[in-house]
Amino acid sequence: MITEEQREKLRGWFTGRLPEDLFASLVEVVVDREEITVIGRIPGPRLTEDVSAAERQAAVEGRIQEFRERTREDRVEVAREAEHRFGRKVSWGVECEGERALFTHVAAPVMTRLRQPERQVLDTLIAGGVARSRSDALAWCVRLVHQHTDDWLAELRESLEHVQRVRERGPDTGEVGDAPSGGQEDE
């Protein structure tokens, strides 16, 4: 589990290391065991008020693609440094006019053991054309849970971070092998 202090240090490092003009602002730095995802806000395209929703959407998509191509070298350089420093892959994303786009990011394999009723759920999703494989079906289930339980997962993460902080502040018990003060050592 990543502590809040570690997250703050990562965010601080990226804030200080990113080229000044890369993003309009740094929105989020998300960290897990394998990956650091850096999301920044970029300015939207200049459009008149009377453009259609389709034209606006296409302009935003074009702006995101332009940003991705134009900043590739800078982002690769920062990612290499961060990967060396933090031991995790770095992925990138942007927010533009309310749209979020993630660029290439890690798809880490996860192993699990499932009993027959759980496998049947996955097989039903495959038979129904929702997924191509059990792996796809399991990923679909995880996305669905994530979509419907964001608040609960956020509260659970906060609780885990609190437990980690309490552990770190635990009592100083002295050196291993020290006898309690005023007592005798066992022989």
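No experiment lies behind these values; they were computed from the predicted model shown.
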Looking at [atom1] of [X] and [atom2] of [Y], how far apart are the two atoms once the value is rounded to the nearest 0.5 Å?
X	Y	atom1	atom2	value
S25	I42	OG	CD1	11.0 Å
I36	S91	CD1	OG	9.5 Å
R165	E5	CZ	CD	10.5 Å
R70	Q65	CZ	CD	12.0 Å
R41	E97	CZ	CD	10.5 Å
L156	D151	CG	CG	12.5 Å

Side-chain ([X]) to main-chain ([Y]) donor-acceptor, under 3.5 angstrom:
X	Y	answer
R119	L114	yes
Q6	T3	yes
R100	E95	no
R88	D32	yes
H105	F103	yes

Has [X] got more than 12 heavy atoms of other residues, nucleotides or ligands less than 6.0 Å from its [atom1]?
X	atom1	result
E28	CD	yes
E73	CD	no
R72	CZ	yes
E155	CD	no

Using the rule given for side chain to side chain contact (heavy atoms under 4.5 Å, CB included), can you reason through R11 versus L26, listing the C-alpha separation, both sets of side-chain angles and the distance that settles it, and then say yes or no?
CA-CA 9 Å; R11 183 177 173 90; L26 183 60; 4.0 Å; yes
Could you report the tightest heavy-atom contact between [X] and [Y], atom names first, then the distance?
X	Y	value
I126	S133	CD1-C, 3.4 Å
T48	R56	O-NH2, 3.7 Å
W92	A79	NE1-CB, 4.0 Å
E83	V90	OE2-N, 3.1 Å
P43	A24	CD-CB, 4.3 Å
L22	F67	O-CE1, 3.1 Å

Checklist line | Matching residue for T71 among E69, R68, R75 - test: side-chain hydrogen bond (donor to acceptor under 3.5 Å, both in side chains) | finding: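 When side-chain hydrogen bond (donor to acceptor under 3.5 Å, both in side chains) is applied between T71 and each of E69, R68, R75, only R75 qualifies.
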Check against side chain to side chain contact (heavy atoms under 4.5 Å, CB included), C141 and L122 | CA-CA 9 Å; C141 291; L122 301 180; 4.2 Å; yes
hydrophobic_cluster_shared for [Y] and [X], side chain cutoff 4.5 Å:
X	Y	answer
V142	L125	no
L18	V30	no
L138	L144	no

Are Q57 and E61 packed together at the side-chain level, in the sense that at least one heavy-atom pair is separated by less than 4.5 angstrom? yes
Worksheet item: Taking side chain as C-beta onward, heavy atoms only, is S135 less than 4.5 Å from V110?
Response: no
Whether [Y] and [X] form a salt bridge (side-chain N of Lys/Arg under 4.0 Å from carboxylate O of Asp/Glu) is what I want to check.
X	Y	value
E35	K89	no
E81	R17	yes
E161	R7	yes

Review point. Which class fits the ring pair W13 and F86: parallel under 30°, tilted 30 to 60°, perpendicular over 60°?
Key: perpendicular
Might you work through the side chain to side chain contact (heavy atoms under 4.5 Å, CB included) test for V121 and E118, ending with a clear yes or no? CA-CA 5 Å; V121 169; E118 296 153 339; 5.7 Å; no
Verdict with supporting geometry, R143 and H146, side chain to side chain contact (heavy atoms under 4.5 Å, CB included)
CA-CA 5 Å; R143 284 190 302 274; H146 179 267; 5.5 Å; no
